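Counting begins at 1 with the first residue of the sequence. No experiment lies behind these values; they were computed from the predicted model shown. Just so you know, ligand 1 is whichever comes first in the structure, and atom 1 is the first atom listed for that ligand.
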Amino acid sequence: MDAYDLITRNVSEVVTEEEVRALAESPDGKRAYVGYEPSGVLHIGHMLTANKLIELQEAGFDVVVLLADVHAYLNGKGTFEEIRETATRMQEQFVAYGLEESQTEFVLGSQFQLDEEYVLDLHALELETSLSRASRAMAEIAGDGAATVAQAVYPLMQALDIVYLDVDLAIGGMEQRKVHMLARDTLPSIEADSPTCLHTPLIADLTTGVGKMSSSEGLSISMEDSESEVEEKVNKAYCPPTADPDPTDEGEERENPVLQIFEYHVFPRFGEVVVERPEQYGGDLAYETYGALEADLESGELHPADAKGALATYLNDLIEPGREKIRQRRG
Ligand code: NAL
């Protein structure tokens with residue numbers, strides 16, 4: 001796979017292709033980053049962008065993880081002290097998950113976001129941005145309640161961080177795209193470059209396949225789930241024998257979350273998948289590509305129940321080192 005294909009594998013949006021092609025010509029030493037509001041326990045959404053960071057490390061990028069403590073505070077996630085404490089936990093879990101410690105720089109937002117120069121640049125962006133644009137950028141991040149002044153400042157700080165951390169490539173889930181577009185449009189007003197961005201897909205709600213999986217509502221998988229909890233959740237997942245299910249009766253789009261997790265979590269980290277089956281049901285099935293697994297589910301060769309069993313096993317392997325870290329912490 002050439003560098004451009006590796007960098008853009010499994011992404012939903014590339015902004016812009018031309019800019020990413022230029023980075024792909026010499027990725028060594030280029031800086032890619034994701035910011036996360038510290039939340040104490042990694043969930044499957046954090047792990048999806050982390051998979052992309054791990055791939056970018058393989059492509060030669062240096063990776064910066066911003067533990068966005070001030071952002072979490074602005075988004076109403078708790079007291080500043082609580083958030084700081086959870087940032088440390090989160091860093092340990094990312095390393096346990098597989099981010100190479102020697103190639104990853106973890107930065108706490110408050111280390112630089114309270115400096116005078118930063119604050120003055122932030123005010124300059126505030127002058128350039130309408131309240132309605134800032135709150136639209138936040139709709140997917142803060143939900144319907146994106147109505148405070150703090151939440152309007154949030155996306156401007158996210159834009160500024162891209163400059164202050166000297167990042168060449170900004171990564172985020174599709175819910176971050178409006179913040180990144182705002183950054184591209186506004187940063188030139190303070191003589192900074194528009195950032196190049198990659199947006200990763202959102203996994204559908206596990207039980208319905210409708211909308212996006214969320215840790216606040218519905219069923220999400222996290223590092224603190226036990227093996228049997230992961231098995232139970234995966235068992236309850238919506239998994240028709242197709243990657244492209246029909247919409248609901250109400251006309252809502254549906255996805256197959258089991259296939260999405262194979263595609264975006266399992267194949268990128270394991271490279272191949274073995275579905276174990278007793279001899280009497282045809283024996284083990286081995287897949288070297290996601291497409292081959294999808295085709296077998298669609299043809300009926302692979303039964304959803306067997307696919308789910310394998311999925312739970314692989315997910316448990318992925319989260320076991322982080323789960324162990326959490327256990328040690330709690331003593
Ligand atoms: C992501 C977040 C916060 C600040 C950032 C700064 C720079 C780049 C990415 C950043 C968190 C993200 C979330 N908005 O929704 O978790």
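When heavy-atom distances to ligand 1 are checked against a 4.0 Å cut-off, Gln158 comes that close through both its backbone and its side chain.
Of all atoms in ligand 1, listed by their number and element, those nearer than 4.0 Å to a heavy atom of Gln176 are 12 (C), 13 (C), 14 (N), 15 (O). Remark: ligand 1 atoms within the under-4.0 Å shell around heavy atoms of Asp161 are 6 (C), 7 (C). In summary, the atoms of ligand 1 found under 4.0 Å from a heavy atom of Glu37, numbered by their order in the structure, are 11 (C), 16 (O). Residue Ala68 approaches ligand 1 through these ligand atoms, each under 4.0 Å from one of its heavy atoms: 3 (C), 4 (C). Residue contact check: Ile141 has heavy atoms under 4.0 Å from atoms 14 (N), 15 (O) of ligand 1. Listed by number with element, the atoms of ligand 1 under 4.0 angstrom from any heavy atom of Leu66 are 4 (C), 5 (C), 6 (C), 7 (C).
Just one of Met47, Arg329, Met223, His46 meets the side-chain contact (heavy atoms from CB on, under 4.5 Å) condition when paired with Gln93; it is Met223.
Where the criterion is an N or O separation shorter than 3.5 Å, residue side chain and backbone included, Tyr33 fails it with respect to ligand 1. The shortest N or O to N or O distance between Tyr154 and ligand 1 is under 3.5 Å.
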* Taking it one step at a time, do Glu55 and Arg269 satisfy salt bridge (Lys or Arg N to Asp or Glu O under 4.0 Å)? -> CA-CA 9 Å; Glu55 270 177 341; Arg269 293 298 304 278; over 6 Å; no
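Between Asn10 and Thr200 the shortest side-chain heavy-atom distance does not fall below 4.5 Å.
No hydrogens or angles considered: a donor-acceptor pair under 3.5 Å links the side chains of Tyr287 and Asp296.
With respect to the salt-bridge test (charged N to carboxylate O, under 4.0 angstrom), the residues Arg31 and Asp62 do not qualify. Between Arg84 and Glu81 there is no salt bridge, since none of the side-chain N atoms of the basic residue sits less than 4.0 Å from a carboxylate O of the acidic one. Under 4.0 Å is where a charged nitrogen must lie from a carboxylate oxygen, and between Glu18 and Arg21 no such pair does.
Of the protein's non-hydrogen atoms, Gly35 O, 3.2 Å is the one closest to atom 1 (C) of ligand 1.
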